[in-house]
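Labels below follow one simple rule: chain letters A, B, ... track the order of the sequence lines, proteins then strands, and each chain is numbered from 1. Bear in mind the structure is a predicted one, so any value in this text is a computation, not a measurement.
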Number of protein chains: 2
Amino acid sequence: MEQMGTRDRLFMAALSLVRRQGYDATSVDELCRLAEVTKGAFFHHFTSKEQLAVQATAFWTTFTSQIFEQAEYHTFEDPLDQLIGYVEFRRQLLVGRSLAECTCFLGTMAQEKYDSNPAIREACFVGIAIHAETVRSIIAAAKARHAPCATWNEESLALYTQAVIQGAFVLAKAKNDVALADDMIVHLRRYIELLFQYAKED
Amino acid sequence: MEQMGTRDRLFMAALSLVRRQGYDATSVDELCRLAEVTKGAFFHHFTSKEQLAVQATAFWTTFTSQIFEQAEYHTFEDPLDQLIGYVEFRRQLLVGRSLAECTCFLGTMAQEKYDSNPAIREACFVGIAIHAETVRSIIAAAKARHAPCATWNEESLALYTQAVIQGAFVLAKAKNDVALADDMIVHLRRYIELLFQYAKED
DNA sequence: TGACACAAACCAACCAGTTGGTATGTTTTG
DNA sequence: CAAAACATACCAACTGGTTGGTTTGTGTCA
């Protein structure tokens, strides 16, 4: 964090604090303190707290994309193995991490600001949709090979993977137990396996 | 709302405002305004905003329990029909309602305050667990009749139904579209059907 | 020398919570 | 039975502190 520029340090601070406390509970002063930046510098780079939040969603997308791109599952030949590999990778991302460290910046902000701040809401949805699209393309390939006649929609299933993961985070937060999220993602894996297994046997 | 007592009017205001704006964005003054109560009256009945939130979770539990108790699915003979009926009832609860009107008070608050307010977090989890338990007992009966040898855990599946619904709300909020939540719950129904269908065919 | 990147002091609005008080019962006691 | 004592429910005005955002000034580098 030390050698980063002022903007990126503020983005990192936003990810950290918003994921832990939410958007409203995170003050500009607190962001500046963590980023080791003055308030003057903050408002030099961003016109408002809202603008930081909106731009932080794009920062989050590049930040997380790098993590997923480096994951092993991309090297698997069979797209169904890639899909199961993706789900397993989401489980791996939970181990040894606190809730604030493994939960989704976009989901957290979207739930809080969906009605009161359209700009933030939309930015969060775009970020989720970008990630869901990478999952959708894997699902599409898996479907083409293993379940070409299946009735379910690949785009809908891609969004469902994200919904399950977001919901897993909500329940894990309520119980204050990351293990619960893992448990929920195991169900997601089983659903996908059943979906393809059942289609194969037709 | 007019003939209710002061406390219940404040609870109703809390459900309405917190579901729309979140906990932090809802001020005590705003709660009082909606409940048509003075700030003095607020702090006569509650020692803090936090205490209102904690007690509102119990209010929410009784409030929502009544809705579920009156639902048709309880009258079905087969517990598997009851389970599918429950999921379908969750879908019905979405129709004609805005996101703020159909999403979960507990999930919203839990995600926002899980790290910064243990009392609120715990109260939210208790509320979710109480509801999940009613679903678990239906699942247990359905499993006993239709899938006695299935390897999956009924408590875990009950929590999963709640995770999917919570996640459906997060995505629906991000897209600002209730229909997306409905789509996600359809996947949940299919998962449950596959889980029982597959077990039957063994 | 002038545009950029910051810093420090500051501001009005708003926040949760407190104050001292009133109106309306209910319970106790001479 | 009535007066005193207490309890409950409420209210308007206020407090110390925090909020997002502004203003004004300074160092630096092309």
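- Checking the phosphate oxygens (OP1, OP2) of C:dC15, a side-chain nitrogen or oxygen of B:Ser27 falls inside 4.0 Å.
- When each of C:dC15, C:dC6, D:dT19 is scored by its nearest atom to the side-chain atoms of B:Asp29, the top-ranked nucleotide is C:dC15.
- Protein atom CD of A:Gln51 is 13 Å distant from nucleotide atom C1' of D:dG21, rounded to whole Å.
- Under a 4.0 Å N-O distance rule, the pair B:Glu36/B:Arg9 does not qualify as a salt bridge.
- Note: B:Phe59 and B:Phe63 have parallel aromatic rings, judged against thresholds of 30 and 60 degrees for the angle between ring planes.
- Pairs of residues two or more places apart, or lying in two chains, that qualify as side chain to side chain donor-acceptor pair (under 3.5 Å) and include a residue from residues 161-187 of chain A are A:Tyr86-A:Gln162, A:Arg91-A:Asp182, A:Thr108-A:Lys173, A:Asp183-B:Ser156, A:His187-A:Arg190, A:His187-B:Ser156, A:His187-B:Tyr191.
- For the atom pair OG1 (B:Thr57) and CD1 (B:Ile128), the distance works out to 10.0 Å, reported to the nearest 0.5 Å.
- When each of B:Ile138, B:Val87, B:Ile139 is paired with B:Gln82, the side chain to side chain contact (heavy atoms under 4.5 Å, CB included) condition holds for B:Ile138 and for no other.
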Output a table of nitrogen or oxygen pairs between the protein and nucleotides 22-27 of chain C separated by less than 3.5 Å.
none

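- One atom, CG of B:Asp24, and another, P of D:dG20, lie 11 Å apart when rounded to the nearest Å.
- When each of A:Arg7 and B:Ser48 is assigned the nucleotide of DNA chain C with its nearest heavy atom, A:Arg7 is the one assigned upstream, toward the 5' end.
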Next item on the list: Let me have a per-nucleotide readout for nucleotides 22-30 of chain D, 5' to 3', with B, S or -, counting only protein heavy atoms under 4.0 Å.
Entry: B--------
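- Nearest nucleotide to the A:His44 side chain, out of D:dT8, C:dA7, C:dA5: C:dA5.
- Nearest nucleotide to the side chain of B:Thr38, out of C:dA7, D:dA12, D:dG21: D:dA12.
- Rounded to whole Å, the distance from CG on B:Leu17 to P on C:dA16 is 12 Å.
- One atom, CZ of B:Arg9, and another, C1' of D:dC10, lie 12 Å apart when rounded to the nearest Å.
- Atom CG in A:Leu10 sits about 14 Å away from atom P in C:dA5, given to the nearest Å.
- At a threshold of 4.0 Å, the pair A:Arg136-A:Glu154 counts as salt-bridged, since one of the basic side-chain nitrogens sits closer than that to a carboxylate oxygen.
- Between A:His45 and C:dC6 there is a side-chain polar atom (N or O) within less than 4.0 angstrom of OP1 or OP2.
- A:Phe11 pairs in a ring-ring contact (aromatic ring centres under 6.0 Å, His included) with only one of the listed residues (A:Trp60, A:Phe46, A:Phe42), which is A:Phe46.
- Checked against A:Ile165 for a side chain to side chain contact (heavy atoms under 4.5 Å, CB included), the options A:Met184, A:His131, A:Arg90 give a single hit: A:Arg90.
- A perpendicular orientation is assigned to the rings of A:Phe89 and A:Phe68, their planes being inclined by more than 60° (bins at 30° and 60°).
- Note: CZ (A:Arg33) to C1' (C:dA7) measures 17 Å, nearest angstrom.
- The separation between B:Gln21 atom CD and C:dC14 atom P is 14 Å, rounded to whole Å.
- In this structure, A:Phe46 places its CZ atom 12 Å from P of C:dA5, rounding to the nearest Å.
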